[in-house]
Amino acid sequence: MEYRYRCIECNKTYDITPDLMLCPVCSQRKKADEPLIGILEVQYFIRDKSFSYDKFLPVEKEFFPKIPVGDTPLWEPENLRKKFNMPNFFIKDDSANPTGSFKDRASYMVAAFAIKHNISDITLASTGNAGSSMAGIGAAAGLNITLFLPKNAPRAKIVQALQYGARVIPVDGNYDAAYKLSLQYSKINGSLNRNTAYNPMTIEGKKTVSFEIFTQLKKTPDYIFVPTGDGCILSGVYKGFKDLVRYGFADKIPIIYCVQAEKSDAISQAFKTGKFQKIASETIADSISVDVPGSGYHALKQLKKYSGRCITVEDREILEAQKQLSETTGLFAEPAGATAFAGFLKEKDNLEKKAAVVILCTGSGLKDTASAQQIIQYPDYAIKNIDEIEKIIDLDNK
Ligand SMILES: *Cc1c(COP(=O)(O)O)cnc(C)c1O
């Protein structure tokens, strides 16, 4: 099998090399505060017809680090199925990845790519998860990771990255500021940049979730709900199904819901107006808090082409969805991880009851317990004696 980069704008193809991130021609058109232009996708040229889709990756198996990424479970949550009368409702739980988030799919691919090309240093910007993920996968792969992230990222994510041994550089600013600094730094020291959407291997790694969903369901689902910030997961989900259809394994692309936080909704806005406007994002779901979505144009183009839909949810709806998911299924997601479920709750009455629906859970709730604490009663007392229990629990009503 052969593979090449193809520019999603001009269709020109390029050899895959570590220094090429965007189409050198199309990327010139990008203005400040605008999503990336000239994103490169991997195109495969297959001679052997017996090829199976799980081998559709641009790096050979032997280069992947020995850490079990992907193959995450597809839950069949009985309580929710009954509650909504939707027997084909599924949750793809990517919080089950080694570092607790979907980002491991991209980090795993980037690490393999680095190893194949004898690169030992990787730099990236992150809202938290991409960084802790690259740090963890990098630890398994023996790579040096430098991470730029907003100084107010959830503490657990910073601790996680430090535990794995990454060099962590807090940025006095938001993700967009960290993004710029990381690009400058990789230029100075010549490290491979893993920034989401910018490095083509990120979309290529993320597409594996679609292969797994397709394998687990034995078909393409009707709907997939994707929590969206930069739009790179969304583009990855599309890429997986595009590959499956293009090479004859699947017969359709699912309808994809791009679910965004109400105040971090650049892609949803552009879906309506056709234009990207710089926003000042603000949401409790830190992992999808983005001003200028890197994969914005790419995501938008595919949403339009494949009849995708956009919905936004308020922070309160995210927190309530998070709680409902926890107490009905046993799956505790971080706020961004519960955002697809929040979008589903808003949209479910518009879906056919029999439809095969998958929501992506992208990150673990243990990564940000401070947010989850906002709508639970955290006990502010402690007891010593069993007699004291009466003050707390109404025993007669039990
Ligand atoms: C990164 C992330 C997302 C969003 O992915 P984008 O590619 O930025 O759209 C959603 N949920 C979690 C938990 C994430 O870490």
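Order of listing sets the numbers, starting from 1, for every ligand and every atom in it. For this chain, numbers begin at 1 and follow the sequence in order.
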Contact check, K206 vs ligand 1, heavy-atom distance below 4.0 Å: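 Right, K206 reaches ligand 1.
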Ligand 1 contacted by S101 (non-hydrogen, < 4.0 Å):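 No; S101 lies far enough from ligand 1 that no heavy-atom distance drops under 4.0 Å.
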Going by distance alone, is a donor N or O of one side chain under 3.5 Å from an acceptor N or O of the other, for [X] and [Y]?
| X | Y | value |
| --- | --- | --- |
| S133 | D104 | yes |
| T146 | D121 | no |
| K239 | Q302 | no |

May I ask you to list the atoms of ligand 1 that are less than 4.0 angstrom from any heavy atom of [X]?
| X | answer |
| --- | --- |
| P227 | 4 (C), 10 (C) |
| T228 | 9 (O) |
| G229 | 4 (C), 6 (P), 8 (O), 9 (O) |
| N129 | 13 (C), 14 (C), 15 (O) |
| E334 | 13 (C) |
| C232 | 6 (P), 7 (O), 9 (O) |

Check: F214 ring centre within less than 6.0 Å of Y53 ring centre: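 Between Y53 and F214, which both carry aromatic rings, the centre distance is below 6.0 Å.
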Pair E314 + R316: basic N to acidic O under 4.0 Å: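 Yes.
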Aromatic plane relationship, F84 with F341 - under 30° parallel, 30 to 60° tilted, over 60° perpendicular: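 Correct class here is tilted.
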With nothing but distance in play, are any N or O atoms of [X] less than 3.5 Å from an N or O of ligand 1?
| X | result |
| --- | --- |
| G363 | no |
| I233 | yes |
| I288 | no |

Atom CG of D172: over 12 foreign heavy atoms under 6.0 Å: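 It does not: D172 CG has 12 such atoms or fewer within range.
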Within 6.0 angstrom of Q373 CD, more than 12 heavy atoms from elsewhere: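 Yes, enclosed.
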Protein contact of atom 15 (O) of ligand 1 - nearest heavy atom, named by residue and atom, plus distance: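 Its nearest protein heavy-atom neighbour is K103 NZ, 2.7 Å.
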Protein contact to atom 11 (N) of ligand 1 [nearest heavy atom, distance to 0.1 Å]: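 For atom 11 (N) of ligand 1, the nearest protein heavy atom comes out as T362 OG1, 2.7 Å.
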Under-4.0 Å heavy-atom contact with ligand 1, by part of D230 that carries it: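 The part of D230 near ligand 1 is both the backbone and the side chain.
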The single option from F45, F56, F211 passing ring-ring contact (aromatic ring centres under 6.0 Å, His included) against Y247: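 Only match with Y247 under ring-ring contact (aromatic ring centres under 6.0 Å, His included): F56.
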